[in-house]
Number of protein chains: 2
Amino acid sequence: MTDTKDSILNSAERLFAERGYEATSLRAVTSEAGVNLAAVNYHFRSKDQLLKALFTRGMQRLNRERTALLDAYEAECGGKPVPPEKLVHALIGPMLDASRDRSRGREIFGMLLGRMYASPKGPLDDILVSDIEAFSERFKSAIRRALPGTSLEELYWRSFFAIGATAHTLISSRLIGIISNGLCDADDREAVLERLIRFIVAGLQAPERQGAKGKKAGPTGKKWRGK
Amino acid sequence: MTDTKDSILNSAERLFAERGYEATSLRAVTSEAGVNLAAVNYHFRSKDQLLKALFTRGMQRLNRERTALLDAYEAECGGKPVPPEKLVHALIGPMLDASRDRSRGREIFGMLLGRMYASPKGPLDDILVSDIEAFSERFKSAIRRALPGTSLEELYWRSFFAIGATAHTLISSRLIGIISNGLCDADDREAVLERLIRFIVAGLQAPERQGAKGKKAGPTGKKWRGK
DNA sequence: GACAGAATCAAACAAAAGTTTTAATCATAC
DNA sequence: GTATGATTAAAACTTTTGTTTGATTCTGTC
């Protein structure tokens, strides 16, 4: 019944992720899905609504997996705070979905998600923000317990940076092989996830600034001053 | 003489950065620039070539500033290795360009750059990679000296993550104000840069993995295992 | 088996976009 | 001043795109 509907969703997800939303025509989507062109406007109302539907589906799945992971880790730790490594894994693991299943469903949505972050402000912002907040509250309390010494404001920023590093990895990791002259392999997703987690955990645990708010001076004027 | 040419470049840079490349029409560009529509195809060959020209200009400017910073820092440090804080500042400072001048020229290009990273593979990859490599060699030797204990492969990855966090900050920092309920202020660019540098430096200095390559197990199966 | 609604299909529509064309204008050197 | 080339201007062209329409087929029900 909803066979074509799902086909459209899957094809659209893949194509939007690979080529971008604007650059993908509905004809490309329906062609790949093997359905009629008009099916998109019949089952969804428009191309925009298709993207929204796509996004809500992926986000709910993503947050469900995140929450499940966090629940499991908290249960595992009893009453103790969950260590940062596991928190970070619950946050970004489902985005990369390293070697979970071969369908690569989550990974594709991760790419799409990363692209959406980098997209101009649009009607998607509402979904994006509301779905972020859905898991944000759950995550906030856990990370505050894990890193009690850091201010909430700083934790927000650092989680934001963490998402950024993850999104970038999902979207443009094809570049690192070229840049590194083949030294780095982006296809070993499990290893990449491990590196990323290590990087982010260290960033989360960085010492918070505590000095005054005085200006800093560098070699040519207004620059960063090392510790 | 090249008045219209520069007008087009500037308007295109701003609009591409704000709305994205595909979503911006040449009519919007020429309209904002106050020039005739055909001027784009006259001075540049096509919309694609306009983007390329735009990109090369910005990248050269960016790498020039990065190199200048790095030179200054190295001179300042004599023969000693430049501390990571300053290396990171040389790498990402010119992208954020916190409070340098009011023209916000670099910041706009930073947004565009971030968007390009998140764009599908295309003809721009060549420019992107070659311009990255231009500064990459210079940066590589400096960071190897600053962090002699870390493998080159890991340094590549971590620099990659650093660029990701920066690009994300440039592009979607508008979201953090909403997510944090107004607690985080993305407009205080100097403070943001400082937080970002602190985060990245800690990530760069994270302990490198040294254990065996055995699989890890978590609560529900194949998951991350904390230290 | 006929009916009603849902779903699919082929075709067409209308708007938008990149590009091209041709004429007009400007600048400059002779 | 005029001739030549560079630049700008207005309009049209062609293709692509999202969307709609009306007919047709499928599905389940009485």
Side-chain angles (χ1 to χ4, degrees), chain A residues 1-58 112 115-116 119-127, chain B residues 1-57 112 115-116 118-127:
Chain A
M1 191 178 89
T2 48
D3 199 17
T4 58
K5 203 169 175 178
D6 276 333
S7 294
I8 292 175
L9 279 175
N10 293 331
S11 297
E13 187 169 52
R14 207 176 66 79
L15 290 176
F16 288 174
E18 282 178 3
R19 312 179 187 175
Y21 171 72
E22 313 265 6
T24 306
S25 70
L26 289 184
R27 283 166 178 84
V29 173
T30 53
S31 166
E32 154 135 349
V35 303
N36 190 273
L37 170 62
V40 171
N41 296 76
Y42 176 78
H43 286 285
F44 312 87
R45 287 168 39 88
S46 62
K47 193 187 179 186
D48 259 28
Q49 297 293 323
L50 167 62
L51 179 62
K52 279 193 183 179
L54 199 53
F55 208 78
T56 338
R57 182 184 74 160
L112 179 63
R115 235 181 262 293
M116 285 307 112
S119 289
K121 181 175 167 179
L124 217 76
D125 267 20
D126 307 331
I127 311 177
Chain B
M1 190 178 89
T2 48
D3 199 17
T4 58
K5 202 170 175 179
D6 276 333
S7 294
I8 292 175
L9 278 176
N10 292 331
S11 296
E13 187 168 52
R14 205 175 68 76
L15 290 176
F16 288 172
E18 282 179 3
R19 311 180 188 176
Y21 171 72
E22 312 266 6
T24 305
S25 70
L26 289 184
R27 285 168 177 81
V29 173
T30 53
S31 166
E32 154 137 347
V35 302
N36 191 273
L37 170 62
V40 171
N41 296 80
Y42 176 78
H43 286 285
F44 311 88
R45 287 167 41 87
S46 63
K47 193 187 180 186
D48 259 28
Q49 297 293 322
L50 168 61
L51 179 62
K52 280 193 182 180
L54 200 52
F55 207 80
T56 334
R57 182 183 75 160
L112 180 64
R115 234 181 261 294
M116 285 307 111
S119 289
K121 180 174 168 180
L124 216 76
D125 267 20
D126 306 330
I127 310 177

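When reading the values below, keep in mind they use all heavy atoms of this one structure, side chains included, and skip hydrogens, waters and symmetry mates. Note on naming: letters A, B, ... go to the chains in the order of the sequence lines (proteins, then strands), and numbering restarts at 1 for each one.
- Rounded to a whole Å, the CG atom of A/Asp48 is 14 Å from the C1' atom of D/dT17.
- Other residues, nucleotides and ligands place more than 12 heavy atoms under 6.0 Å from the CZ atom of B/Arg57.
- Counting non-hydrogen atoms under 4.0 angstrom, B/Thr30 reaches nothing in the nucleic acid.
- OP1 or OP2 of D/dT8 lies within a sub-4.0 Å distance of a side-chain N or O belonging to B/Thr4.
- Panel note: side chain A/Thr30, backbone A/Arg27; a donor-acceptor pair is recorded below 3.5 Å.
- Rounded to whole Å, the distance from CG on B/Asp3 to P on D/dT8 is 8 Å.
- To the nearest angstrom, P of D/dT16 lies 15 Å from CD of B/Glu22.
- Between A/His43 and the phosphate of C/dT8, there is a side-chain N or O to OP1/OP2 separation shorter than 4.0 Å.
- Side-chain contact check for A/Leu26 versus A/Asn41: some heavy-atom pair is nearer than 4.5 Å.
- Seen from the ring of A/Phe44, A/Lys52 does not count as a face-on cation partner, given the 6.0 Å and 45° thresholds.
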Under 3.5 Å, which N/O atoms of the protein pair with N/O atoms of nucleotides 9-15 of chain C?
from, atom 1, to, atom 2, distance (Å)
C/dC9, OP2, A/Asn36, N, 3.3

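- Of the residues near DNA chain D, A/Tyr42 and A/Ala23, the one whose nearest nucleotide (by heavy atom distance) lies more toward the 5' end is A/Ala23.
- B/Lys47 has its NZ atom 17 Å from the C1' atom of C/dT20, to the nearest Å.
- Counting to the nearest Å, the C1' atom of D/dT17 and the CG atom of A/Leu26 are 8 Å from each other.
- Take B/Arg14 and apply the side chain to side chain donor-acceptor pair (under 3.5 Å) test, not counting sequence neighbours, and it matches B/Glu18, B/Glu32.
- Taking atom CZ of A/Phe44 as the reference point, atom P of D/dG18 lies 15 Å away to the nearest angstrom.
- B/Leu37 places none of its side-chain heavy atoms less than 4.5 Å from the side chain of B/Val29.
- Remark: A/Glu22 engages no residue in a side chain to side chain donor-acceptor pair (under 3.5 Å) (not counting sequence neighbours).
- To the nearest angstrom, P of C/dA17 lies 10 Å from CZ of B/Arg19.
- D/dA11 atom P lies 18 Å from atom CG of B/Asn41, rounded to whole Å.
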